[in-house]
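Note that the structure is predicted; figures quoted are calculated from it, not measured. Below, chain A is the first sequence line, B the second, and so on; all start at residue 1. All heavy atoms count here, side chains included; hydrogens, waters and symmetry mates do not.
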Amino acid sequence: MLSLTRIRNNPDQIKAGLEAKNESIDLDKILKLDEEHRDKIHQLNEMRAERNRASEAIAEAKRAGKDSDDAIAAMRKVSDAIKDLEKEVSNLGQTLDEQLELIPNIPHDTVPVGQDESANQVIREWGEPLAADFDIKSHVEIGLELNLFDLERGSKISGSGFPLLTGLGAKLERVLINYMLELHVQKHGFTEIFPPFLTRAEAPRTCGQLPKFADDMYYIEKDDLYLIPTAEVPVTNIFSDEIMDEGDLPGNYAAYSACFRREAGSYGKDTHGLLRLHQFNKVEMVKFVEPKTSYDELESITSQAEEVLQQLGLHYRVVALSTSDLSFAAAKCYDLEVWAPGEGKWLEVSSCSNFEDFQARRGNIRYRRTADKKVDFVHTLNGSGLATPRLMVALLETYQTPDGKILLPQVLHEPMGQEVLG
RNA sequence: GGAGAGGUGGCAGAGCCUGGCUGAAUGCGCCGCACUCGAAAUGCGGUAUACACCUAGUGUAUCGGGGGUUCGAAUCCCUCCCUCUCCGCCA
């Protein structure tokens with residue numbers, strides 16, 4: 001949520017930002033609504049002030065034992081008028097809020113400007129692509145041959161997009177999750193969280209999934225609960241409606257969760273194998289930081305996510321998303337894309353974003369500054385660290401051998417209890 | 001699922017029956033000053049947020065959310081949400 005003051009004071013800057021994000025929002029309409037709203041509030045305040053003065057006089061008279069029937073009769077009319085105006089003001093305010101909730105965050109100055117994803121910038125590339133002198137297989141082939149997963153039976157049980165991992169595939173999934181969590185908790189000092197997987201509407205509202213992207217979420221009508229699309233949702237809301245101490249910042253939290261996405265509108269896209277699923281596993285990092293540090297923290301959370309790929313020895317690149325490719329709530333975002341030699345393409349395995357105070361405003365997440373004791377909104381960031389399905393794809397395809405086996409990277413030998421699959 | 005209790009400021013906790021200088025006692029915390037070589041203890045003072053404007057100030061709103069009664073609601077009524085306790089059921 002953008003602050004109205006910011007919109008009011010920098011309408012041109014906001015308009016430019018919205019345009020860069022390919023958003024068509026009638027800001028002038030909102031500004032006009034805001035003006036009308038404030039105008040009515042002003043009127044209302046004056047009427048209320050009058051009422052308060054009169055009530056006080058009536059109270060005084062009553063204490064003195066005098067009667068004030070005339071004054072009461074007069075105030076009755078004022079009171080009715082106040083009620084009408086109150087209704088008007090609250091309707092205006094509600095409309096205004098609904099409009100504000102649909103305004104996305106504004107891109108940071110350093111975000112590359114562009115009409116589509118071709119404007120995204122590759123910031124750096126790490127490692128080398130697999131150079132094989134044999135026919136490279138896709139993860140689907142490998143998985144089927146080695147019985148790591150059974151997508152047909154997964155579909156039988158739950159429909160397409162719900163993977164069934166089996167045997168060593170299931171174990172590899174568990175090992176990867178655990179490995180990533182340990183890295184962030186032990187080495188990077190994150191606090192481990194195991195969050196609820198179903199939340200109230202307020203939680204995705206804070207993060208920006210609601211109200212605009214309701215169709216992408218699984219919803220349990222009977223209990224009015226949403227399945228989380230990422231652990232970002234419950235973890236970001238840990239401190240909603242709270243005032244943190246400056247000493248609590250930066251607050252670094254890492255959480256595993258299953259993630260549920262309806263992927264409405266993306267049917268027929270990346271349906272192949274594990275590339276796009278309705279349910280998947282992810283380790284997510286969330287940071288609550290002081291505003292002035294948030295862009296440094298964005299760099300740091302990105303490198304913390306990169307470290308997973310480096311330790312697994314996977315070829316990847318860091319991409320700065322352009323204005324048009326930024327998500328609704330993000331002011332700046334780096335994607336981590338891992339190279340999948342079997343697919344022959346880069347796969348997004350992580351998104352590291354700075355939301356500035358956008359989510360903090362929606363969720364009312366604040367902190368008290370030590371210096372002047374004032375309360376201000378924190379900045380929130382998050383980064384996948386990482387999502388497993390595409391990581392698994394890259395891993396299987398990168399470490400395949402000519403004889404159809406998987407030679408696991410060093411760091412997985414001990415937790416897997418073996419060096420080779422197959 | 002059944003029965004009961006409760007939701008008040010950064011926190012704890014009065015006020016609600018008996019509506020009227022109650023934005024809200026008191027305590028803790030925090031800040032300033034005094035005392036001190038310094039600290040603790042003590043004393044004095046201060047300490048919510050948002051919005052607006054005729055901006056050393058003033059006004060309005062906010063006691064879980066919404067609605068109602070009333071000249072006037074933290075206080076009365078309705079409704080929704082949430083938390084806790086006990087019983088039942090269950091992993």
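Shown here are the side chain to side chain contact (heavy atoms under 4.5 Å, CB included) partners of A/N120, two or more places apart in sequence or in another chain: A/E117, A/V319, A/L321, A/S322, A/D325.
Only the P atoms considered, B/G1 is 35 Å distant from B/C16, to the nearest whole Å. Nucleotides B/U85 and B/C30 place their P atoms 31 Å apart, quoted to the nearest Å. Separating the P atom of B/A5 from that of B/C78 is a span of 14 Å, rounded to the nearest Å. Between the C1' atoms of B/G15 and B/G20, the separation comes to 15 Å (whole Å). Rounded to a whole angstrom, the distance from the P atom of B/C77 to that of B/U22 is 24 Å. B/G23 sits 15 Å from B/A14 when the C1' atoms are compared, rounded to a whole Å. On the C1' atoms, B/A91 is 30 Å away from B/G6, given to the nearest whole Å. Using C1' as the reference atom, B/U62 and B/G9 are 11 Å apart when rounded to the nearest Å.
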Check against ring pair (Phe, Tyr, Trp, His ring centres under 6.0 Å), A/H42 and A/H37:
CA-CA 9 Å; A/H42 189 71; A/H37 185 231; over 10 Å; no
Ring pair (Phe, Tyr, Trp, His ring centres under 6.0 Å) evaluation trace for A/F355 with A/H379:
CA-CA 7 Å; A/F355 304 99; A/H379 278 194; over 10 Å; no
Derivation and outcome, ring pair (Phe, Tyr, Trp, His ring centres under 6.0 Å), residues A/Y253 and A/F190:
CA-CA 5 Å; A/Y253 297 87; A/F190 281 70; 8.4 Å; no
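With rounding to whole Å, A/E246 atom CD is found 14 Å from B/C30 atom C1'. Look at CE on A/M75: it is 16 Å from P on B/U69, rounded to the nearest Å. Nucleotide B/G10 holds its C1' atom 8 Å from the CG atom of A/D245, rounded to whole Å. Spacing between atom CG of A/D69 and atom P of B/U70 amounts to 15 Å, rounded to whole angstrom units. We find that CG of A/L100 is positioned 15 Å from C1' of B/A50, with the value rounded to whole Å. Rounding to whole angstrom units, CD of residue A/E86 and P of B/G66 are separated by 12 Å. Rounded to an integer number of Å, the gap from NE2 of A/H37 to P of B/A50 is 17 Å. In this entry the distance linking CE of A/M244 with P of B/C11 reads 14 Å, nearest Å.
Residue A/R369 places none of its side-chain N or O atoms closer than 4.0 Å to OP1 or OP2 of B/C31. Distances shorter than 4.0 Å separate none of the side-chain N or O atoms of A/S79 from OP1 or OP2 on B/U70. Proximity of A/K83 to the phosphate of B/U69: a side-chain N or O atom is located under 4.0 Å from OP1 or OP2.
Under the 3.5 Å distance criterion, with hydrogens and angles disregarded, a donor-acceptor pair is assigned to the side chains of A/S294 and A/N354. Under 3.5 Å, the side chains of A/Q115 and A/S324 contain no donor-acceptor pair of N or O atoms. Defined by atom type and a distance below 3.5 Å, a donor-acceptor pair is missing between the side-chain atoms of A/H184 and A/E307. A/E337 and A/Y316 are not linked by any side-chain donor-acceptor pair at a separation below 3.5 angstrom, with hydrogens and angles left out of the test.
Within residues 358-365 of chain A, no residue has any heavy atom closer than 4.0 Å to RNA chain B.
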Nucleotide by nucleotide, 5' to 3', does protein get under 4.0 Å of the base (B), only the sugar-phosphate (S), or neither (-) in nucleotides 53-65 of chain B, counting heavy atoms?
------BSS----
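The side chain of A/R8 lies closest to B/A52 when the candidates are B/A52, B/C71, B/G68.
Here the straight-line distance linking atom CE of A/M47 with atom CG of A/D84 works out to 8.0 Å at 0.5 Å rounding.
Under the 30°/60° scheme for interplanar angles, the aromatic rings of A/F149 and A/H139 are found to be tilted.
Across all strands, A/I58 comes closer than 4.0 Å to base atoms (heavy-atom distances).
With respect to the salt-bridge test (charged N to carboxylate O, under 4.0 angstrom), the residues A/K332 and A/E356 do not qualify. A/E290 and A/K292 are joined by a salt bridge, as a carboxylate oxygen and a charged side-chain nitrogen come within less than 4.0 angstrom of each other. A salt bridge links A/R205 to A/E101: at least one charged side-chain nitrogen sits closer than 4.0 Å to a carboxylate oxygen.
For RNA chain B, if you chain together Watson-Crick or G-U pairs that step i with j, i+1 with j-1 and so on, the runs of at least three with distances under 3.5 Å are B:1-7 with B:81-87, B:10-12 with B:26-28, B:29-34 with B:42-47, B:48-53 with B:57-62, B:64-68 with B:76-80.
Residues A/T5 and A/R76 both approach RNA chain B. Their nearest nucleotides, taken by heavy-atom distance, put A/T5 toward the 5′ side. Between A/S90 and A/E60, it is A/E60 whose nearest contact on RNA chain B lies nearer the 5' terminus.
Under the 6.0 Å cut-off for aromatic ring centres, A/Y367 and A/F239 do not qualify, their centroids lying 6.0 Å or more apart.
Other residues, nucleotides and ligands place more than 12 heavy atoms under 6.0 Å from the CD atom of A/E145.
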Show me the donor-acceptor pairs within less than 3.5 Å that the side chains of residues 221-230 of chain A make with the rest of the protein, sequence neighbours left out.
unit_1	atom_1	unit_2	atom_2	d
A/D224	OD1	A/Y219	OH	2.7
A/T230	OG1	A/E232	N	2.9
A/T230	OG1	A/K282	NZ	2.7

Heteroatom pairs (N/O) under 3.5 angstrom, protein to nucleotides 76-84 of chain B:
unit_1	atom_1	unit_2	atom_2	d
B/C82	O3'	A/R200	NH2	3.4

